[in-house]
Amino acid sequence: MTGLLAACFVMSLSCAGATAQAAPPAGGQAAGTVAPTVHCTLPAGQGEATGPQQMTVELSPAVVAPGGKVHAKVTLGPSPATSALALEDVPTIPSLDLAMSGGATGTVTVRGAEFTMDIPAGKPIELPPYEGDFLVPANASGDLSFTPLRTLTQTKVLGSVFETPCDVVDGGGSIGTVTVEGTGSEPATLSAPADPVRPNTAVTLGGSGWTPGGAPVPSLCAVGGGGCDPLKFRSHTLTIDGSGTLHGTATLAEAGAVPDGAYEVKVNDGTKEATAPLTIRAVAAGDREISLSRSSGPVGSVITVSGKNYNPDRWINVIGLDATGTGLDDSAVYVKSGPDGTFAVEFTVISDAVVAVQADEGNDPATVRTAPFTVSTGEGGGGSADQKLNTSVRAGTLSMVQDGDTVDFGTTVLGTGSGVQRSRLNRVEVEDARGVDSGWSLTATLTGFTGTDGGTIPADAVRWKPRCTAQSGSVGVPVAGSPAALGSEAASLCRMDPDGSRPFTGGRFDADADLTLTVPGFTRPGDYSATLTLTLL
């Protein structure tokens, strides 16, 4: 992963930036090796990267039967993608899509086993070699050539799975050929629902011609067979009986992991596989609707607010409105929609100012729905009239600003005093306007000091004591980093951890730190500077 945002402080002098660029692949092409240009889309809105990447794939055996298994060993050169932060022990799953031509068409996926790796800062990311199997189509015949289409790297960071696809946009070509000959076994069949299915729900699958007693594994693929990913199903109950019949269900991941669209579901039992079309649609036909268990009552009434046709597994915000359309904050309650897109929650009428109840899905203004409510007083009146007031609120971004870009420790006279100089980091304001509960992290790295006459002061001569606070009205409590010496390893200044008790965190948060520089007693006189880089992720 690369950092979302970065800023620089320079100690004593001006800020100097640096860029890292992937080196071109070394050496010429050999059998099974290509060096195409790839275009990578980085996760969490972090941008894009384009450049060359060498790919070597060894296929075995040379001859397979129709529907047979091919083993692939994949070695990738450095990716054009880089990381702003040095990360350690990152769980990673690599995969490579290969297009078939000649004896069959379509796409197969070579998916490696999960491993952990250290990701350096500012350097092209290079995955270790990995291996995987795929099956050729049951109707394949003759020479079957394979061409790389896309790599996909899945990394597990902060409790979420982030995907970095890199598509081949230029160059490339075949990395190898296998010959398909002989007679294959009876092809398996797979059936899936014809109607759209929701995320986070169980999908009934069936079929025949499977390996009796085999261990079926479902994957969700793009139309055409590429990008097959078993993580898109969070669990399954699939079994194959003694007659080769497939039974059971596969439960899709939550809506955030499987966007609406047309897919193929693939099942592989180790020796056979088959696919079937599958359409995923989070919101059922019909618009979102809310209703109240009753539309009038005295102050203190507890009513049930119900909704349907919502995205599954989303936080629903329910609040009372006054006659001006302003939300009564003390009345707000939160509930999560179920896998079927419905919800129900008790709501207390806290004031005679309540004229309506409003519900929205994850602060999305397009999902705002209201239902009128009349507070009864027992006295006669001249009737009432409702007017619906609408407004729109859009999700913002995660960003930061700083009060300045220079920190001055002053002058140290060697041989006098302790050599300790004190200063303070310029205040940094983090603004999280995304309306989500994913948290964030603000860290720093520091280069060593270099002097005008060639002298140096190590980075760890600087220590800091971080502070961070939430501004009024912000949601969530930030956590300051621990006092530490600075250097090339990322040190925490402030972070916001995901909070499962809230539908979202956000607002403005202030972060700074007391800085202490201890100048070594034997340091060459001169003017020194170092660069401190803050990264918001």
Side-chain angles (χ1 to χ4, degrees), residues 1-2 22 25 29 32-59 70-82 92-102 104-115 117 124-137 144-156 161-177 219-232 257-259 261-266 268 273 275:
M1 294 178 57
T2 60
Q29 290 189 7
T33 298
V34 293
T37 299
V38 299
H39 178 76
C40 303
T41 303
L42 305 177
Q46 301 168 72
E48 302 174 349
T50 301
Q53 184 173 24
Q54 184 166 293
M55 303 179 182
T56 299
V57 182
E58 300 178 30
L59 302 175
V70 176
H71 185 70
K73 297 181 179 179
V74 179
T75 303
L76 301 178
S79 166
T82 61
T92 304
I93 304 174
S95 63
L96 172 66
D97 285 347
L98 300 172
M100 297 180 290
S101 60
T105 58
T107 305
V108 294
T109 300
V110 181
R111 185 175 179 87
E114 180 177 315
F115 58 87
M117 67 177 292
I125 297 172
E126 185 170 5
L127 301 179
Y130 62 92
E131 303 181 26
D133 297 325
F134 62 86
L135 302 181
V136 301
L144 189 56
S145 181
F146 298 89
T147 300
L149 286 180
R150 184 187 78 153
T151 67
L152 176 67
T153 305
Q154 295 174 301
T155 51
K156 299 179 180 179
V161 177
F162 293 89
E163 296 187 346
T164 303
C166 294
D167 296 303
V168 174
V169 295
D170 191 23
S174 175
I175 49 79
T177 301
S219 298
L220 194 65
C221 312
V223 174
C228 295
D229 185 1
L231 295 184
K232 295 297 189 291
V258 282
Y263 296 88
E264 289 182 359
V265 57
K266 175 187 288 185
N268 183 308
E273 69 181 18
T275 61

Please report the shortest heavy-atom distance between [X] and [Y], naming the atom on each side.
X: Pro230; Y: Cys228; result: CD-O, 4.1 Å
X: Gln53; Y: Gly77; result: NE2-O, 3.0 Å
X: Gly173; Y: Thr147; result: O-CG2, 3.4 Å
X: Tyr130; Y: Gly112; result: CD1-CA, 3.7 Å
X: Leu135; Y: Val108; result: O-CG1, 4.0 Å
X: Ser79; Y: Cys166; result: OG-SG, 4.4 Å

When rounded to the nearest 0.5 angstrom, what is the spacing between [atom1] in [X] and [atom2] in [Y]?
X: Met117; Y: Ile125; atom1: CE; atom2: CD1; answer: 6.5 Å
X: Leu98; Y: Thr109; atom1: CG; atom2: OG1; answer: 8.0 Å
X: Thr153; Y: Leu127; atom1: OG1; atom2: CG; answer: 4.5 Å
X: Thr75; Y: Glu131; atom1: OG1; atom2: CD; answer: 9.0 Å

List the residues meeting salt bridge (Lys or Arg N to Asp or Glu O under 4.0 Å) with Glu114, not counting sequence neighbours, and say none if there are none.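 Residues passing salt bridge (Lys or Arg N to Asp or Glu O under 4.0 Å) with Glu114: Lys156.
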Going by salt bridge (Lys or Arg N to Asp or Glu O under 4.0 Å), name the residues that satisfy it together with Glu163, two or more places apart in sequence or in a different chain.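 Lys232.
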Can you name the side-chain hydrogen bond (donor to acceptor under 3.5 Å, both in side chains) partners of Ser145, sequence neighbours left out?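 side-chain hydrogen bond (donor to acceptor under 3.5 Å, both in side chains) check on Ser145 returns Ser174.
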Contact between [X] and [Y] at the side-chain level, heavy atoms closer than 4.5 Å - yes or no?
X: Val136; Y: Leu144; answer: yes
X: Met100; Y: Thr105; answer: no
X: Leu149; Y: Val168; answer: no
X: Thr41; Y: His39; answer: yes
X: Leu152; Y: Asp97; answer: no
X: Gln154; Y: Phe162; answer: no
X: Leu220; Y: Asp229; answer: no
X: Pro148; Y: Pro36; answer: no

With Phe134, the side-chain contact (heavy atoms from CB on, under 4.5 Å) member among Leu59, Asn268, Leu96: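 Only one of Leu59, Asn268, Leu96 forms a side-chain contact (heavy atoms from CB on, under 4.5 Å) with Phe134, namely Leu59.
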Quick one: does any side-chain atom of Glu264 pair with a main-chain N or O of Gly224 as donor and acceptor, under 3.5 Å?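 Between the backbone of Gly224 and the side chain of Glu264 there is a qualifying donor-acceptor contact (under 3.5 Å).
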Where do Val38 and Thr151 land on the side-chain contact (heavy atoms from CB on, under 4.5 Å) test, with the steps shown first? CA-CA 9 Å; Val38 299; Thr151 67; 6.0 Å; no
